[in-house]
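The structure under discussion appears below in the form of structure tokens.
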Amino acid sequence: LAPKWWWALSARSALEMNAPDLVECAGKTRCPILAVRGSLEAAEAYPIERVAAAAGARATTEIVPGGDHYYAGREAEAGRLVADWLAKTF
């Protein structure tokens, strides 16, 4: 049931159409934030540094070396980052 132009969409365009501004939301969030990006992802599309700057001390940033959008082949490392952050933060 996808529209005939479904192939013209990308994850980025879908985010731009429907997602709230991550940086703006980070500035309003009062809980701890873990912002993770794979090193193979475009920093402009996933601006974790800007999220951290907006959130201040509540934010932690991590970059998974060699990680793409899905952390393919790096899932264990990404999982460890999250688990370690959760254990340390909560």
task: Could you pull out all residues at least two apart from R50 that satisfy salt bridge (charged side-chain N to carboxylate O under 4.0 Å, His left out)?
output: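 Once residues adjacent in sequence are excluded, R50 has no partner under the salt bridge (charged side-chain N to carboxylate O under 4.0 Å, His left out) criterion.
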
message: List the residues meeting salt bridge (charged side-chain N to carboxylate O under 4.0 Å, His left out) with E24, not counting sequence neighbours, and say none if there are none.
response: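 Scan of E24 (salt bridge (charged side-chain N to carboxylate O under 4.0 Å, His left out), adjacent residues dropped) gives K28.
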
- prompt: Is there a path of hydrophobic side-chain contacts, each under 4.5 Å between heavy atoms of I, L, V, M, F, W or Y residues, that connects Y46 with V64?
  reply: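 In one cluster with Y46: V64, no.
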
query: Applying side-chain hydrogen bond (donor to acceptor under 3.5 Å, both in side chains), which residue pairs with at least one partner in residues 33-42 are found, sequence neighbours left out?
result: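 Every side-chain hydrogen bond (donor to acceptor under 3.5 Å, both in side chains) pair that includes a residue of residues 33-42, provided the two are not neighbours, is R37-E49, E41-H69.
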
query: Which side-chain hydrogen bond (donor to acceptor under 3.5 Å, both in side chains) pairs, counting each pair once, include a residue from residues 73-84, with sequence neighbours left out?
result: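 Applying side-chain hydrogen bond (donor to acceptor under 3.5 Å, both in side chains) to every pair that reaches into residues 73-84, excluding sequence neighbours, yields R74-E77.
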
What closest approach, in Å, do [X] and [Y] show between heavy atoms, and which atom pair accounts for it?
X	Y	result
T29	C25	OG1-O, 2.7 Å
F90	P32	CZ-CG, 4.0 Å
G66	L40	O-CD1, 3.4 Å
A72	D68	N-OD1, 3.0 Å

query: Does I63 sit in a hydrophobic cluster with other residues, and if so which ones, taking ILVMFWY side chains as linked at heavy-atom separations under 4.5 Å, directly or through other members?
result: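 Answer for I63: I48.
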
Not counting sequence neighbours, which residues clear side chain to side chain contact (heavy atoms under 4.5 Å, CB included) with [X]? List them please.
X	value
L34	V36, T60, E62, V82, W85
A53	none
A55	A26, I33, R58, A59

Under the side-chain hydrogen bond (donor to acceptor under 3.5 Å, both in side chains) test, residues paired with T61 that sit two or more places apart: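 Counting only residues at least two positions away or on another chain, T61 forms no side-chain hydrogen bond (donor to acceptor under 3.5 Å, both in side chains).
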
